[in-house]
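Note sheet for the following structure.
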Amino acid sequence: MEILLSNGLIVDGTGGPPTAGSILVRDRKIAAVIPAGAESPSLPAIDCRGFIVAPGFIDVHSHSDYEVIAGLPNKVLQGVTTEIVGNCSYSLFPMGDRANLSQLGSIYADTPDLAMTTAGDYFSALESVRPLLNVAALTGHSALRAYAMGMDRRPPSAAEHDQMERLLDRSLNDGSIGFSTGLNLMPCSFAEFPELVALCRVLKRHRAYYTTHMRDYKFRVVEAVREAIRLAEESGSPVQLSHVQVVGKKCWQHLDTILELVDAAAARGVDIGMDAYPYLAGTCSMVQLLPEWCQSGGLAGLLERLESPPLRDRIARETEEYMSNTWADIVVSRVGRFSAEALQGKSVEEIAQARGAVACETAVDLLREHAGVVDIISFNSREENLRKVLTHPLTSVCTDGHVGSGLNHPRTFGTYPTFLGRYVRDLGWMPLEEAIVKTSAQPARRFQLQGRGTIAAGNWADLVVFDAAAITTSSDYAKPDAPPEGIRLVMVNGEIVVQEGNLTGARPGVALRHTPSGAR
Ligand SMILES: [Zn+2]
């Protein structure tokens, strides 16, 4: 099949200025980039006059592990053509005891039992449904650890460690692109440095990647960045710092220090990168706010401790002491056990006031009342910090998005229109050609996605056509799932998946299997 995307303004991902021209797509690939004025073949054409033609967006940090199997359109509608799933220590493989997994977070809670052991099983499931877009997959440390040793807060035995290494090695052989941690998420948080270095050394043999949701994004964020860099240096694996930000007003000043650490590491040859989503709030489980010791044994252990009044008081007090923002900044987005829509969208402060209670105690009570399943949207950052992170040359743009039950974060539906509309066009934080490096070329380069991320003859025809003047979204914290506006066309592997905001029915996505020389 041949098709011409004619007369667009091409932003090719190299960082160079936009150029007028047409793109010839043949057999799933870009056959030629034809400059304006040169003769074009007479073929069926899509007129792109007045619109930007860019390489499809690559979401380097996604939690759509199951959504890509279920075929949800929220990413491809934004112009995403490739997602890297399996982040923050959570992957759908190895899938062990459901009782353990379902407490890890909504990516498991909302997912049916798929009985997967390695990345090979995941890719088979993905290919059997023919995904909308391309998917690469990290192997999550929490999944490995829960599989090998449950929710215990202790170092692994030699046999348990061996099992984690073997499973990681098998997944990497099957084409997993690397290994992810979420070091303040249980049970990954129970891991100490030697366990992590040993697992990262497995990556080196496969020339695979380490991505890390770090140990802390608050008072100890500087230490956490040091730990991530040291891990890369001692294991020899590349490192990607996930969703870089500093949480809470009390800690905002640490951002400059961590960016200096990243620059210094890069200068001495550490293969380091960062990603960030263009929002000031994050989302996570309320459990993440609690001290790590009280999570030993998983949710069952936590709930047992919450039944003891002295322990409950201590947990509430230590949680309060470690708050870097306020309870008015923490909004309940999902509660697990009962239908509790009355709580959804309310801050912990508001809920506490209505109950005539103290906020930190209310937070702990909510967890107790809802079997430990309370998700929150936390207003964390400020625009000055967001600008410093997004404009940093080592930062790629990501969604960090997941479609769960309850109130979702708008990043899941509106990351790319928000980044390109609000921050690039309206606030002028960077030129469009630099923005497209961050959405497409840099993620592809970083994770060695062969033949993707730039517009060049011979590359896969992953493309997005959008109206730079109109790209936007009305998606917000109150109504997150509003669709993007201004995206005219999305093409994956040469097939049109989205036209004028609607799915065409094409499902041309593939599993991108990592090999030591790149993913293809
Ligand atoms: Zn994370």
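It should be emphasised that the depicted structure is a prediction, and the values quoted were computed from it without experimental measurement. Whatever order the structure lists them in is the order used to number ligands and atoms, beginning at 1.
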Row check, Tyr279 ring normal vs Arg411 NZ/CZ: under 6.0 Å, within 45°: no

Minimum heavy-atom distance between His161 and Glu195, given as atom pair plus value: CE1-O, 3.7 Å

Check ion pair Arg170-Glu165 (N to O, under 4.0 angstrom): no

Distance filter under 2.8 Å, centred on the Zn ion (ligand 1) - protein N, O or S atoms that pass it: Cys88 SG, His213 ND1, His243 NE2

Counterpart residues, salt bridge (Lys or Arg N to Asp or Glu O under 4.0 Å), relative to Glu349 (two or more places apart): none

For the student: nearest non-hydrogen atoms of Ser474 and Ala482, plus distance: OG-CB, 3.4 Å

Heavy-atom closest contact (Ala359 atom, Val348 atom, distance): O-CG1, 3.6 Å

